[in-house]
Colleague: 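My questions all concern the structure below.
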2 protein chains.
Amino acid sequence: MRGVERLSAREAQRRDSWRALQAAAVDLVGRRGFAAVTVDDIAAAAGVSRRTFFNHFPTKAAALFDPDPDDAARLSGLLAAADGATDPWMALGAVCREYLTTHTATLAVRRRLTADPELAAYQQDAYRHIQTALDGWVRREYADPLAAALAAATTGAVLGAAFRAWDPDDPPDRFLDLVTRGFTLVRVSPGRAPGRAPGRR
Amino acid sequence: MRGVERLSAREAQRRDSWRALQAAAVDLVGRRGFAAVTVDDIAAAAGVSRRTFFNHFPTKAAALFDPDPDDAARLSGLLAAADGATDPWMALGAVCREYLTTHTATLAVRRRLTADPELAAYQQDAYRHIQTALDGWVRREYADPLAAALAAATTGAVLGAAFRAWDPDDPPDRFLDLVTRGFTLVRVSPGRAPGRAPGRR
DNA sequence: CTCTTCGTTGCACTCAGTGCAGTAAATGAC
DNA sequence: GTCATTTACTGCACTGAGTGCAACGAAGAG
């Protein structure tokens, strides 16, 4: 925790560029819209070269949505802590809520970004890192492969629906409420393991 | 049905180009992979110009997944026939199964396409037309807006999970079975209309 | 036959994304 | 301290997706 860990000058440099680029991207796209901002604009606003942008982000959309490495590690940690849950679906809901509570500051900005219809298309691609983390966990927790795939995909569906249903003018807590309601309105049963004992793990 | 309707020479011309392009796209990408095929390749294989490609499809991925207009109309018809269902979620499942039964011929090809990890990213974008059709229906059938958004998003999640869980070497019926199982493993409750009478419509 | 419509085409352009070579500064070994 | 190595950044050239525009020619309407 407080993972400041004394970073070397190089690490600090790299992190500064990363943050400057993401900040510039969010700012510019928030004001002009996704299509009206070029990678050159973002790089210039961040004070780095165009090539450096692609050293940090694989795509333009990634600059908007890629998680701070600390956050990514935190999600993995939360999921690991939920290993062996008796009710994996509700455990997923709890992990998501917990993960999102620390993001309330950026939620409104990103929600407004997705109001742009052209940007909505990038959401899927954008939150891939969450999907990836979920995929691994869910494969361990659900014996039934179809149920596992369903749980991961449905989690993404619930988060996306709650996100879109949320009015960014409302406080972020409302969004968390929607997530909670979503996880109760939708229910993924654990299924039955084709070759294993049903019910128990 | 048999909607041949005697098309004019122009309509026939346009439809021929459309089909030639989609056939060429599926064929080439199936053999070489998505990234190794350019729009020029597809246009050349279809015997039309590169510019004509973009007159028919907005993106390269669209050439692979955009539905034949007849199919799109059929989906709308199926949904309209399900208006006023007492159990909207199960009605959605039935519509999806019914819609997919006529696509068994192309299912295996498309499933193999998505095995390519770079192509999986395009799936979301690719099946947008289904999402769009669902969005409208679901907004009419679910009084609770969150439940409506959840139903549409979750339907996509179920179809996607079943599709990925399906082994394309197995007969297409197995895929339909997975869809059926998916719609029972996952359950979206109709929720409660914030301002209306609960339960009844 | 004449005028309009429209599918198609070629051309020029912007921009996303990649490969490669080079610079300069931070790092580590001695 | 010096020297070799690493590495963040940079510039340049290139491929390919997607768009705007003007033009050609055949189909359709009168």
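All of these numbers come straight from a predicted model, not from anything done at the bench. Reminder, nothing fancy here: chain letters follow the sequence lines and each chain counts from 1.
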Colleague: On DNA chain C, compare the nucleotides closest to A/F57 and B/T52; which residue's is nearer the 5' end?
Modeller: B/T52
Colleague: Could you tell me whether the phosphate oxygens of D/dA8, OP1 or OP2, come under 4.0 Å of any side-chain nitrogen or oxygen in A/H56?
Modeller: no
Colleague: NA contact type, B/T38, heavy-atom cut-off 4.0 Å: base, sugar-phosphate, or nothing?
Modeller: sugar-phosphate
Colleague: So if I take every side-chain heavy atom of A/A9 and compare against C/dT8, C/dT27, D/dA17, which nucleotide ends up nearest?
Modeller: C/dT27
Colleague: Would you say the side chains of B/T132 and B/D135 form a donor-acceptor pair under 3.5 Å?
Modeller: no
Colleague: Over 60° means perpendicular and under 30° means parallel, so tell me whether B/F175 and B/F163 are parallel, tilted or perpendicular.
Modeller: perpendicular
Colleague: Taking CZ from A/F53 and P from D/dC9, how many angstroms apart are they, rounded to a whole number?
Modeller: 13 Å
Colleague: Quick one: A/K60 NZ to D/dG16 C1', roughly how many Å, whole number?
Modeller: 16 Å
Colleague: When A/D68 is tested against each of A/R15, A/R74, A/R19 for salt bridge (charged side-chain N to carboxylate O under 4.0 Å, His left out), which residue passes?
Modeller: A/R19
Colleague: Is there a side-chain polar atom (N or O) of A/S8 under 4.0 Å from OP1 or OP2 of C/dT27?
Modeller: yes
Colleague: For the pair made of CG in A/D40 and C1' in C/dG17, what is the distance, rounded to whole Å?
Modeller: 12 Å
Colleague: Look at the side chain of B/R10 and the base of C/dT5, then say whether one donor and one acceptor between them are separated by less than 3.5 Å.
Modeller: yes
Colleague: Where the side chain of B/N55 is concerned, which of D/dC9, C/dT9, C/dA16 is the nearest nucleotide?
Modeller: C/dT9
Colleague: Would you mind telling me which of D/dT10, D/dT19, D/dA8 lies closest to the side-chain atoms of A/S49?
Modeller: D/dT10
Colleague: Using a strict 4.0 Å threshold on nitrogen-to-oxygen distance, state whether B/D177 and B/R97 make a salt bridge.
Modeller: no
Colleague: Give a yes or no on whether a salt bridge exists between B/R111 and B/D167, defined as a side-chain N under 4.0 angstrom from a carboxylate O.
Modeller: no
Colleague: Measure from CD on A/Q13 to P on C/dT23 and round the result to the nearest Å.
Modeller: 19 Å
Colleague: Among C/dC20, D/dA17, C/dT9, which nucleotide sits nearest the side chain of A/R51?
Modeller: C/dC20
Colleague: Closest nucleotide of DNA chain D for A/R50 versus for A/S17: which of these residues is on the 5' side?
Modeller: A/S17
Colleague: Starting at atom CZ of B/F54, determine the distance to atom C1' of C/dC11, rounded to an integer number of angstrom.
Modeller: 15 Å
Colleague: Starting the side chain at C-beta, find the nucleotide from C/dG7, D/dT10, C/dT9 nearest to B/R14.
Modeller: C/dG7
